[in-house]
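Note: hydrogens, waters and symmetry copies are ignored here, and every other heavy atom, side chains too, is used.
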Amino acid sequence: MLPIKQASKSKRALLSSQFLFNNATTIFSITETSSYLPIPPFPTSCFAPLSRYCYYPTAQPISIQPTTFDYSTFGLNAKDVAQSFKKWFKHPNSGLLDLIFDILSRQDEVDEIALSQLGLRVTESLVLEVLNYGFLKGDIFSSLKFFDWAGHQCGFYHTRATYQAVFKILSKSKHMRVMLDYLDSYMRARLSSNDLFGFHSTLVMGYSLAGKPYFALQMFGRMRFQGLDLDACTYHVLLSSLVEENYFEAVDSIVSQISLRGFESHVTHFIVVKSLCKQKMLNEAESYLRQVILNGNSYCLGDAVQVLVDALCQKGNFDKGWQLIEEFRELDSVPMEPAYGTWLKNLVRVGKLDEAVKFMQLKKASESYVPDVFRYNVLLWRLLKENRLAESCDLLLEMMESGISPNRGTMNAALCFCCKAGMVDVALDLYNCKAEFGLSPSSVACNYLIVYLCKEGSIDEAYQVFRNSTQQGYFPGDRTLSILVDALFREGKLDAMKELTFVALEWNFWLSDSMYNKFISALCRARMLEDGYLIHRVFSRMNRVATKSTYSNLIHGFNKLHKLDIVAGLLIEMQDKGHMATRPLLRSVIHGLCGMENPEVQFRHLFDLLISHGQPNYQICNLFIDGAGHAQKPELAREVFEWMQINGIEPNLSTKVLMLQSYLKSERISDALNFFDAMGKRGEINKKLFNSMVVGLCKVNNVNNALSFLWDMRSSGVVPSVQCYEVLIQLLCKQRQYDIAISLLYDLLKTGRHVTSFIGNILLLHSFRNEKLYGAWIRAREMQYETYSYLSVLGHLIGAFSGHVRLNEQIDNLEEVIEQCFPLDVYTYNMLLRRLTMIKMEDACKLFYRICQKGYEPNRWTYDILVHGLFKHGKTDEARRLVDEMFRRGFDLTDGTKRLIG
């Protein structure tokens, strides 16, 4: 759309390419060349030493990864960089103004003595300067206190200019109620009973600026009734208010009054064009402007052109807007700066940043055009939003060069820029010294500072910014708060997190469910259960539902403190919220009850509470039977079992299995056998009960009864589960009954199953420990008529691991050999590694790396076996390097290896 002019690159001295892209990914739009042009330094800046390291990329769009900037590389420090910004931000009379505002902010009432000691000469210009400074600082009410104080000083009377300044400040800061109160007070006070003109005129202007043109028209009517009239300024303020509030029916009347009195000026033309544009009458507005120019009144029509161009751009008609700009520019008599400003604003609004930058540089070079601070700010913020930090840096330095006085928006943008460019320390310094130059951080700036401080690990500073921002009336956004909360959790700063939670509640801000749950869980882990429970109660009162894990953490914590009432309440609440207690949770609770006085009474009380609160069901009863069994209280489990029968709840298969297991866990074998027989007499025995009996007997080392039940299953035509074979073979090997173990292995194969990893590992392990296993294998092989092809391979492995057969296979082939017998896992590799360390250490090291390459995660035993072997073979340096890696992964050596290395 616009002719392209290469932007000057003489202001890139602030940042090196490394520094500039720290913590941000920046994409540049570039030309077809791929050269890098050195940037001359900005001579008056303290950043000049960086200049020879700065380059302007003109290659294809690239993404630069974040790096860490080192100030010492360029002979700079954060203090120098921050001081450069502070010098720019400093108001010329900020020393005196800061003293005034310091006095005004100390207490509610104005300290008259302190102000009088400053020796102030109260004048209109001083009042206006104080009001403007307070507006920039964001301290409106201190400004109003000074306004009141000045009005009571002997020899000074507020002028329409001072009242207009107050009205404008209140209007811009949206303190309309305060503004209307001032107008009411002013009307009652009647500054001077002899100055009816000044009185009414000020009220008309005040109500107009307050957005109350109806009252302003009423006041104007009273003036006309008394033969009074408005001056040109007030007429135009009233007219502007009518347009702003869409009182278009009165606009023509006031315009006529202005014309009759000879007050018509460029201001009138501006407001009329604005009125037409607001009514979507753009053609009429253009015709009106052309007529004014034909009448020879083109001087000072810049604002009117701006309004029309803005309206066209808002409608999306950029071509027409640009055509008007070019047409009026050629007249030479129309000031174009306002139109240029609105053109820039609209280009930025629709995201045409490249065109905006090119336009600004073009007009600056050809017409010495310098945008005002507001236009600079709009472009600066958008560039920052898109992480275009190089252009943002240019813009800031250009503003410094051009002598642009920064306002609050500029200061906040600079603070955000420092965060994004990796200068978090500079941003924090500016923030901490904000009182020096009247910086009032915005919510956006606070958000950026909190996020980047957390990213840098400065959690305490980030939390202090959060506290300050809430005191100043800002509350961080969801993403910022989430980052801060995560950082506090990570650092274990739970007291700060607790304070943050209650501050959020004061702001009617609800943390996300995940934040609450993480916080409560963290408090539980830190044994701050009372605090966790308090937060949970607040959370519940807001009708929020905690996760099952949150309930579990609270219940586990209070269970350890033997606070049964709280535990019971949480279990009931958990049930009401749709979370059913898990077996491990209730096991833990019942185990805790057994450590209290009268455990039977406590157990029955908890059971009655949960049963009476909801509809009795199998699930709750089964959980209590399971918990009592794990607590080795089978009599309590039996009570629940019988309670079910009495109350018409027929125990299901899971209930019977749990009841059987409760006897077996307590080694009440006779009771278990009696229960099993009773089930058999009622014809309720099935495979699952048989399997539970075998596995349970094995777990209490009752191998004879377990074997008896397994053979009973086989004789009855019931095929035992694989777990039955696994636990029996494990127990038989442990008791060195290898012949029976091998016979069970053959029986497993007859059922059509294969050797599992668990059984294979057990056999290899016991081959290490006892040579008799290999003898049992040979005897069983001779007795078996039915052979299996891979059993000979397994026998060969057992012989090799027991030392009877020489292990001469290559390491690569050995894994394939084992895979012919059963699937390998880490446990298998560990045993293979152990065997190889006894034979050939080089092969053991190769196997270790193969384990990692295949995607297996080495565990403590993997490292310990290899370290042990290396030390035994005298390879101490390699062993110590492996020990360091082991420790980094959180593993420790076994006692045997510790004794070996001394």
Side-chain angles (χ1 to χ4, degrees), residues 517-537 539-540 545-614 616-641 643-644 654-655 657-668 692 695-696 699-700:
N517 288 312
K518 285 171 64 176
F519 183 31
I520 295 169
S521 298
L523 289 170
C524 292
R525 288 194 298 271
R527 299 182 181 179
M528 299 169 65
L529 289 168
E530 288 76 10
D531 291 327
Y533 188 65
L534 175 62
I535 299 296
H536 173 71
R537 299 316 307 160
F539 185 72
S540 298
V545 179
T547 62
K548 183 185 285 189
S549 63
T550 301
Y551 278 109
S552 297
N553 288 327
L554 285 167
I555 290 168
H556 279 303
F558 284 109
N559 184 48
K560 291 178 182 178
L561 298 178
H562 301 304
K563 294 191 176 183
L564 180 60
D565 291 340
I566 297 179
V567 169
L570 287 168
L571 282 169
I572 292 170
E573 184 181 322
M574 183 179 182
Q575 184 176 312
D576 290 342
K577 299 296 185 181
H579 302 309
M580 181 56 66
T582 60
R583 285 190 180 186
L585 178 61
L586 209 53
R587 284 175 188 173
S588 173
V589 170
I590 294 173
H591 187 272
L593 293 179
C594 293
M596 301 170 64
E597 295 182 5
N598 303 316
E600 294 81 5
V601 176
Q602 303 289 0
F603 178 88
R604 295 181 191 116
H605 175 62
L606 182 61
F607 179 73
D608 290 341
L609 277 175
L610 291 182
I611 288 294
S612 62
H613 186 73
N617 56 54
Y618 291 106
Q619 200 166 6
I620 293 177
C621 295
N622 288 351
L623 286 172
F624 271 86
I625 293 173
D626 176 75
H630 274 268
Q632 297 190 348
K633 295 287 183 180
E635 64 279 0
L636 294 177
R638 185 71 191 196
E639 282 187 29
V640 177
F641 187 83
W643 180 92
M644 293 175 69
S654 295
T655 313
V657 169
L658 291 170
M659 189 65 240
L660 180 62
Q661 289 174 344
S662 71
Y663 285 127
L664 293 171
K665 286 182 176 73
S666 302
E667 299 188 42
R668 301 266 286 269
S692 299
V695 173
K699 287 184 177 179
V700 294

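- For Ser552, the side-chain contact (heavy atoms from CB on, under 4.5 Å) partners two or more places apart in sequence, or in a different chain, are Lys548, His556, Met574, Leu585.
- Using a cutoff of 4.0 Å between basic side-chain nitrogens and carboxylate oxygens, Lys633 and Glu639 are not scored as salt-bridged.
- Between Leu529 and Leu523 there is no side-chain heavy-atom pair separated by less than 4.5 Å.
- Of all heavy-atom pairs spanning Ala637 and Ser662, the tightest one is CB-OG, 3.9 Å.
- In this structure, Val545 and Lys577 approach most closely via the heavy-atom pair CG1-CB, 3.9 Å.
- Atom CG of residue Leu554 and atom CD1 of residue Ile520 lie 6.0 Å apart, to the nearest 0.5 angstrom.
- Not a single donor-acceptor pair under 3.5 Å links the side chain of His562 to the backbone N or O of Glu597.
- The line from SG of Cys524 to CZ of Phe558 is 7.0 Å long, rounded to the nearest 0.5 Å.
- When the options Thr550, Val589, Leu586, Ile566 are evaluated for a side-chain contact (heavy atoms from CB on, under 4.5 Å) with Ile555, the one that passes is Val589.
- When atom types are taken as modelled, the side chain of Ser588 and the backbone of Pro584 share no donor-acceptor pair closer than 3.5 angstrom.
- Nearest heavy atoms, Leu664 versus Gly696: CD1-CA, 3.6 Å.
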* Trace of the side-chain contact (heavy atoms from CB on, under 4.5 Å) decision for Thr655 with Met659 -> CA-CA 6 Å; Thr655 313; Met659 189 65 240; 5.7 Å; no
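- Residues passing the side-chain contact (heavy atoms from CB on, under 4.5 Å) test with Gln632 are Ser666, sequence neighbours excluded.
- Distance check, rounded to the nearest 0.5 Å: CG of Asp608 to CZ of Phe603 gives 10.0 Å.
- Nearest heavy-atom pair, Val640 versus Cys621, reported as atom, atom and distance to 0.1 Å: CG1-O, 3.8 Å.
- In this structure, the side chains of Arg668 and Glu635 come closer than 4.5 Å at one or more pairs of heavy atoms.
- Taking all atoms of both residues into account, the shortest heavy-atom contact from Leu570 to Tyr533 is CD2-CE1, 3.9 Å.
- The CG atom of Leu623 sits 10.5 Å away from the CZ atom of Phe607 when rounded to the nearest 0.5 Å.
- Here the straight-line distance linking atom CZ of Phe641 with atom CG of Asn622 works out to 10.0 Å at 0.5 Å rounding.
- Using a distance-only test at 3.5 Å, with no hydrogens or angles considered, a donor-acceptor pair links the side chain of Asn553 to the main chain of Ser549.
- Heavy-atom minimum distance, Leu610 versus Ile620: O-CD1, 4.3 Å.
- Counting only heavy atoms from C-beta outward, the side chains of Leu571 and Gln575 never approach each other to under 4.5 Å.
- Side chain of Asn517 to main chain of Thr547: a donor-acceptor pair is present (N/O by atom type, distance under 3.5 Å, no hydrogens or angles).
- For the pair Leu606/Phe624, a side-chain contact is recorded, criterion being any heavy-atom separation below 4.5 Å from C-beta on.
- The CD1 atom of Ile611 sits 9.0 Å away from the CE atom of Met644 when rounded to the nearest 0.5 Å.
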